[in-house]
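So the structure is just underneath, and the comments pick up after that.
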Amino acid sequence: MYRTHTCGELRISDAGKVITLAGWVQKTRDFGGMTFVDLRDRYGITQLVFNMETDAGQCKLARELGREFVIRATGLVAERSNKNPNMPTGDIEIFVDTLHILNPAETPPFTIEENSDGGDELRMKYRYLDMRRAPLQRNLMLRHRMAQSVRHYLDLRGFIEVETPVMIKSTPEGARDFVVPSRMNQGQFYALPQSPQMFKQLLMVSGYDRYMQIVKCFRDEDLRADRQPEFTQIDCEMAFVEQDDILNTFEGLAKHLFKEILNVEFPGKFAKIPYEQAMTEYGSDKPDLRFGMKITDLTEKVVGCGLSVMAEAEYIGGIVATGCADYSRKQIDDLTEFVKKPQIGAKGLIYVKYNTDGTIKSSVAKFFDAAALRGWAEVTGAKAGNLLLILAGKRDKTLKALGELRLEMGRQLNLMDKNKYIPLWVVDFPLVEWDEETKRFYAIHHPFTAPKPEHIPMLDIDPGKVHANAYDLVINGIEIGGGSIRIHDSGLQKKMFEVLGFTDEQAQYRFGFLMNAFKYGAPPHGGIAFGFDRWVSLFAGLNSIRDVIAFPKNNQGRDVMQDSPGIIDDEQLKELGIRIVTSDK
RNA sequence: GGGUAUGUAGUUCAGUUGGUUAGAAUGCCGGCCUGUCACGCCGGAGGUCGCGAGUUCGAGUCUCGUCGUACCCGCCA
């Protein structure tokens, strides 16, 4: 062994011991006659001391050390004369009598410290150096502890972890697949799984009635701060269960993780909000419930008014910002600009200021008398000192825009407390969604999601109105996980494929093995999958999932450290039977 | 496919209305220093202002193009 202890564990009680440490040089402080070296490993930092008077040779060697040199030092643990209360090992230091440079190092391009001076781009390029820093090490250790905790909790409840294949058949529903060419079957391709969906359902058919896996999934879609091309799910499936059984089981898992990792407890049950209510009250299918500011429907209140943008709008809604009646012209203009951004897409913003002195000021005062504006205050609950913000337009789009405006106001008013967690279940999602471009229905969740039993007759009449037995776990406006009860009846599955416009042949080609399996006794089953990276980043207090992943990819799906993806040899291409056709834009 | 921001020393940034030799901090190198822990003091080196065109007597600064990066919409459970 290169060491007897780590750099984080020695205390005053160890004084007098002769020990050996190994690690990286964090920093040297050279006084000429005396040199201090901060030695770092992932457990902490311990100070080494060298003295010209007592050991000139070792002291001179210590003066040669640069940042990030890998060294080994043997010496006596001693109480410091000048203690440093800011570090756990600050009461002791090591009088080194033997110093070995195990490996010198070039000066790193950024500082390996709690708060690095390096920018994101540079730190990604030198990811292995960035990961030496304490924040990254904390994140990855948090991730490890959460994974252990999940496995432990589910193991105690009879779940078994089963690995599923990574090279599978492409199923063109849902996200784009990453594909892998087959050398032995030229012209044919595997796909990387978007999730182990069909395999976990087959495991249910096979009688493994409680399955879990912490598993990589792959989706070839455009990326975001919280979306990577490869990401990790906590994937679970249970047989002989109904929706509530699943919600209860995984609400238990969520509570367990909160308690174990953050020491946060939730006494009651998580709220359960139907999709439709989430959309009308929060303009989002993943509402952030850390604050209220619900959307109020004002459509009825403006019928027949003289202002065409309102009179002709399909929907009018507003939110109340507490204490914002004193917003300046500039602040209102900025909000207007915010909602008019192409990403939000509102045409304009209407405001009503209910001033503390009882007066009312509004951008639409010309069209409504004070009584009417007071009527709006009544329905929205706006009080003196509040600001009512109103958007008008197409219902779905306007609700979404109000939802974005609500979040923006939440940010401006500091209503999103990082230390507060409000989990909830969003339930009763629509089963399918009509797409105008391709003139067909698409499954909102996936084609195996069961409709609410009472809605099954509606599949023939108005599939868009059918609710699914599907659910999402949402925490602080982040979709942490989602799942559904699956169809286990091949007749109903066939009907579902009909609704989605698949011919029998298409269904047979894509999902035949699953439909065949269901002929041999499929138990009622359902499951859920959690976005593990998102969950870890939520617990770490981060907005991006990149820093809870050891080697993440950037916006364009590139690994800037490896510089992947990259081209491959002609020889490799030939072997695979692939020719590259460069497309000119 | 679209929107917004951004690119200057190893690093993080400043750079005014287009005008002399492009600055600061930090890091790095050399010297001094026996109780530092953001050590201190003295000195030094370090620049393709992302790249390419254009406007101009003159471009880090203006225009166009291009490449990279970040965030968002579309897309994606």
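A note on names: the letters A, B, ... follow the listed sequences, proteins ahead of strands, and every chain is numbered from 1. Only heavy atoms go into these numbers, but all of them, side chains included; no hydrogens, no water, no symmetry mates.
B:A9 and B:G52 have their P atoms separated by 16 Å, with the value rounded to a whole Å. B:U17 and B:U26: their P atoms are spaced 29 Å apart (whole Å). For the P atoms, the distance from B:A53 to B:G15 is 27 Å, rounded to whole Å.
Under the salt bridge (charged side-chain N to carboxylate O under 4.0 Å, His left out) criterion, A:K418 pairs with no residue, sequence neighbours left out. Evaluation of the side-chain hydrogen bond (donor to acceptor under 3.5 Å, both in side chains) rule for A:D288 yields A:R290 as partners, not counting sequence neighbours. A:H488 pairs by the side chain to side chain contact (heavy atoms under 4.5 Å, CB included) definition with A:A522, A:P524, A:H525, not counting sequence neighbours. Residues forming a side chain to side chain contact (heavy atoms under 4.5 Å, CB included) with A:P451 (at least two apart in sequence, or on another chain): A:L431, A:I456, A:L459, A:V466, A:I487, A:L492. In this view, A:T438 and A:D435, A:R440, A:Y442 satisfy the side chain to side chain contact (heavy atoms under 4.5 Å, CB included) rule, not counting sequence neighbours. In this structure A:Q277 satisfies the side chain to side chain contact (heavy atoms under 4.5 Å, CB included) test together with A:I273, A:P274, A:E281, sequence neighbours excluded. For A:R63, the side-chain hydrogen bond (donor to acceptor under 3.5 Å, both in side chains) partners at least two apart in sequence or on another chain are A:D30.
Across all strands shown, B:U6 forms a Watson-Crick or G-U wobble pair, both distances under 3.5 Å, with B:G68. The base-pairing partner of B:C49, taking Watson-Crick or G-U wobble contacts with both distances under 3.5 Å, does not exist among the strands shown. In this entry B:U56 has no Watson-Crick or G-U wobble partner, no candidate having both defining distances under 3.5 Å. The partner of B:A24 is B:U12, by the rule that a Watson-Crick or G-U pair needs both atom distances under 3.5 Å. Pairing for B:C37 is absent, with no Watson-Crick or G-U wobble pair whose two atom distances lie under 3.5 Å. With a cut-off of 3.5 Å on both pairing distances, the Watson-Crick or G-U wobble partner of B:G43 is B:C29.
The list of ring pair (Phe, Tyr, Trp, His ring centres under 6.0 Å) pairs with a residue in residues 23-44 of chain A, not counting sequence neighbours, reads A:F31-A:F36. Judged as a salt bridge (Lys or Arg N to Asp or Glu O under 4.0 Å), the pairs with a partner in residues 525-539 of chain A (not counting sequence neighbours) are, in order, A:R143-A:D533, A:D226-A:R534.
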Produce a footprint string for nucleotides 68-77 of chain B: one letter per nucleotide, 5' end first; B if the base is under 4.0 Å from any protein heavy atom, S if only the sugar-phosphate is, - if neither.
SSBBBBBBBB
With sugar-phosphate taken as primed atoms, P, OP1 and OP2 and all else as base, the protein-contact string of nucleotides 22-31 of chain B at under 4.0 Å (heavy atoms; B, S, -) is -----SS---
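Among the atoms of the strands shown, base atoms are found under 4.0 Å from some heavy atom of A:E93.
A donor-acceptor contact under 3.5 Å links the side chain of A:R80 to the base of B:U36.
No side-chain donor-acceptor contact under 3.5 Å links A:S484 and A:N469. If you check the side chains of A:T164 and A:Q213, you find a donor sitting under 3.5 Å from an acceptor.
Residue A:R29 has no polar side-chain atom (N or O) positioned under 4.0 Å from OP1 or OP2 of B:U36.
Here A:F31 does not count as stacked on B:C33, because the ring centres are not under 5.5 angstrom apart with planes under 30°.
For A:F511 and A:F497, the distance between ring centers is under 6.0 angstrom.
Taken residue by residue, residues 38-59 of chain A places heavy atoms nearer than 4.0 Å to RNA chain B at A:Q47, A:N51, A:E53.
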